[in-house]
2 protein chains.
Amino acid sequence: MVGMDTKTALLDYAERHARQRGLDGFSYADLARDVGIRKASIHYHFPTKADLALALMQRYRTQFHTRLHDIKIAGGTAAAQLDAYVTLYRAALHGGTQLCLCVAFSAGRESLDAPVLAELATFHTNSLAWLEDVFDKGQQDGSLHVNPNSSSQAAACLAQVEGAQIMARAACDVSLFDLATANLTPSHAH
Amino acid sequence: MVGMDTKTALLDYAERHARQRGLDGFSYADLARDVGIRKASIHYHFPTKADLALALMQRYRTQFHTRLHDIKIAGGTAAAQLDAYVTLYRAALHGGTQLCLCVAFSAGRESLDAPVLAELATFHTNSLAWLEDVFDKGQQDGSLHVNPNSSSQAAACLAQVEGAQIMARAACDVSLFDLATANLTPSHAH
DNA sequence: CCATACCTACCATGTAGTAGGTAGGTATTT
DNA sequence: AAATACCTACCTACTACATGGTAGGTATGG
């Protein structure tokens, strides 16, 4: 974290904690130790924990959807795009040490304020739309087997990667993710 | 809760809290209010919170696997058994107000002691074995389309229902679960 | 009597936050 | 150039609870 501005450092550490333990599982005291400032100073950057959670979710959502956009722009078959998508979720596991933020926050959604819940809903809505688009494209280019209801298939796909993360996280074992998503990425040797 | 013994009442309320908010999201003070005894008295029944978590997981796992056993005993095609399985997960959502305990604990696994983690691992292992068995039977009785690797398909199926729970819980909307699991329960009108 | 299941009183930290202050840097004014 | 004003980003000191627990005591039912 050399030379990094304090606010970004706080967000980085907070994101890691939230993805490992959920929002209720860490405190400002943890962040203070991580960043090397006094706990009370964190309130300068994030007056309340809810502000921090919102900033985390907004940052995560925009970064994630930039990645989705990049996958689209890069072109390739729909199957390749789906593969890249699954790879995003796999990478988010960091070897089984953490969940992606949307899953972590979904599980602890009772502790979230309304604006954070709204961001979370937007994350899911955007992801479903992106996936549905991929399945539609897959039907056109013949690279994916698509059932008659692409929105249901998009939902199933999102459920699968999120669930695969849960399984892998529980066991701290990425190979479980691979096993559970093999049908989505058939080009990989499993 | 009339006439119920205190220990069971504690477990019931604790399970609800844990499934709604995770283990870090509730405290003995919540349980004390729920059951109507002093917080310190809870330690008589569960000396530490880790003891409580272990008891919760053990109870949940044994009950869940009794249900799986019942589905098997009841007979019917493999497709009907898979349908019953998905219905278990759907019912566990309680209208979108909570997750099943294994998902809630998986997300917050960092806060769990080793014996609880072991129970959680057993839960997943047993569930996968049961599902794999169903897929094997489905291939024999022709009621399920099974790909060459039934263990991967079992893992995918488990991931899907767990992920579908996450999605439905985030939005407090069971219809998302239905949308995301439609391919597993084709006999239902979606 | 004894086991069970509760109680009170307390402990040691821990949590999210408030209020006022200060140091250093930068922009503006004299 | 020097003084002043303002901003940023931290600090100390503190608050009000809250957390998971300990220790000793008491009431009740079998």
Side-chain angles (χ1 to χ4, degrees), chain A residues 1-57 59 104-105 108-117, chain B residues 1-57 59 104-105 108-117:
Chain A
M1 299 287 175
V2 178
M4 182 174 297
D5 76 284
T6 304
K7 187 169 182 174
T8 302
L10 287 171
L11 282 170
D12 290 347
Y13 282 109
E15 182 176 320
R16 182 156 68 185
H17 286 298
R19 291 168 62 176
Q20 285 182 340
R21 316 196 53 120
L23 191 63
D24 290 324
F26 77 96
S27 72
Y28 272 20
D30 296 307
L31 298 183
R33 274 189 296 271
D34 292 331
V35 176
I37 60 174
R38 291 338 211 124
K39 178 168 71 71
S41 303
I42 302 176
H43 293 280
Y44 171 77
H45 299 276
F46 300 103
T48 66
K49 206 172 177 184
D51 294 321
L52 176 64
L54 181 59
L56 282 175
M57 195 66 233
R59 187 177 76 157
F105 272 10
R109 51 99 65 224
E110 218 68 33
S111 299
L112 304 178
D113 279 13
V116 191
L117 289 173
Chain B
M1 297 291 176
V2 176
M4 182 174 297
D5 75 286
T6 303
K7 188 168 182 177
T8 302
L10 286 170
L11 281 169
D12 290 346
Y13 282 110
E15 183 177 318
R16 183 157 65 181
H17 286 297
R19 290 168 64 176
Q20 285 182 340
R21 316 194 54 118
L23 191 61
D24 290 324
F26 77 96
S27 71
Y28 272 22
D30 296 306
L31 297 184
R33 273 188 295 269
D34 293 331
V35 176
I37 60 174
R38 289 342 209 118
K39 178 169 68 71
S41 303
I42 302 176
H43 294 278
Y44 171 79
H45 300 276
F46 300 102
T48 65
K49 206 174 178 184
D51 294 321
L52 176 65
L54 180 59
L56 283 174
M57 197 65 232
R59 188 175 76 157
F105 272 10
R109 50 99 64 225
E110 219 66 22
S111 299
L112 304 178
D113 279 11
V116 192
L117 289 173

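Lettering of chains follows the sequences in order, A, B, ..., and the numbering in each one begins at 1.
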>> Counting the atoms with a prime plus P, OP1 and OP2 as sugar-phosphate, which does A/Phe46 contact under 4.0 Å by heavy atoms, base, sugar-phosphate, or nothing?
In response: nothing
> Can you tell me if A/Asp5 uses its side chain to pair, donor with acceptor, with the backbone of A/Thr8 under 3.5 Å?
Replying inline: yes
> Is there a donor-acceptor contact under 3.5 Å from the side chain of B/Lys49 to the main chain of B/Leu23?
Replying inline: yes
> Any side-chain N or O of A/His45 under 4.0 Å from OP1/OP2 of D/dC10?
Replying inline: yes
>> Rounded to whole Å, please give me the gap between CG in A/Leu23 and P in C/dT15.
In response: 13 Å
> For the pair made of CG in A/Asp5 and P in D/dC7, what is the distance, rounded to whole Å?
Replying inline: 20 Å
> Rounded to the Å, how far apart are B/Tyr44 OH and D/dG21 C1'?
Replying inline: 18 Å
> What's the CZ-P distance between A/Arg38 and C/dA16, to the nearest Å?
Replying inline: 16 Å
> Can you list the steps and then say if B/Asp34 with B/Arg16 is a side-chain contact (heavy atoms from CB on, under 4.5 Å)?
Replying inline: CA-CA 11 Å; B/Asp34 293 331; B/Arg16 183 157 65 181; 5.8 Å; no
> Hey, does the side-chain of B/Lys39 have a donor or acceptor N/O within less than 3.5 Å of a partner on the base of D/dG20?
Replying inline: yes
>> If I take atom CG in residue B/Leu31 and atom P in nucleotide D/dG21, what distance separates them, rounded to the nearest angstrom?
In response: 12 Å
> Could you state the CD1-C1' distance from A/Ile42 to D/dA9, rounded to the nearest angstrom?
Replying inline: 13 Å
> Among D/dG21, C/dG17, C/dC7, which nucleotide sits nearest the side chain of B/Ser41?
Replying inline: C/dC7
> What is the distance, rounded to the nearest whole Å, between atom OH of A/Tyr28 and atom C1' of C/dT15?
Replying inline: 11 Å
> Can you tell which of A/Val35, A/Leu11, A/Ile42 makes a side chain to side chain contact (heavy atoms under 4.5 Å, CB included) with A/Thr6?
Replying inline: A/Val35
>> Over 60° means perpendicular and under 30° means parallel, so tell me whether B/His43 and B/Tyr28 are parallel, tilted or perpendicular.
In response: tilted
> So what does A/Ala40 touch, heavy atoms closer than 4.0 Å: a base, only the sugar-phosphate, or nothing?
Replying inline: base
>> Using whole Å, what does the distance between atom C1' of nucleotide C/dC6 and atom CG of B/Leu10 come to?
In response: 12 Å
>> Nearest to the side chain of A/Lys49, heavy atoms from C-beta on, is which of C/dC6, D/dC11, C/dG17?
In response: C/dG17
> Which is true for B/Ser27 with a 4.0 Å heavy-atom rule: it touches a base, it touches only sugar-phosphate, or it touches nothing?
Replying inline: sugar-phosphate
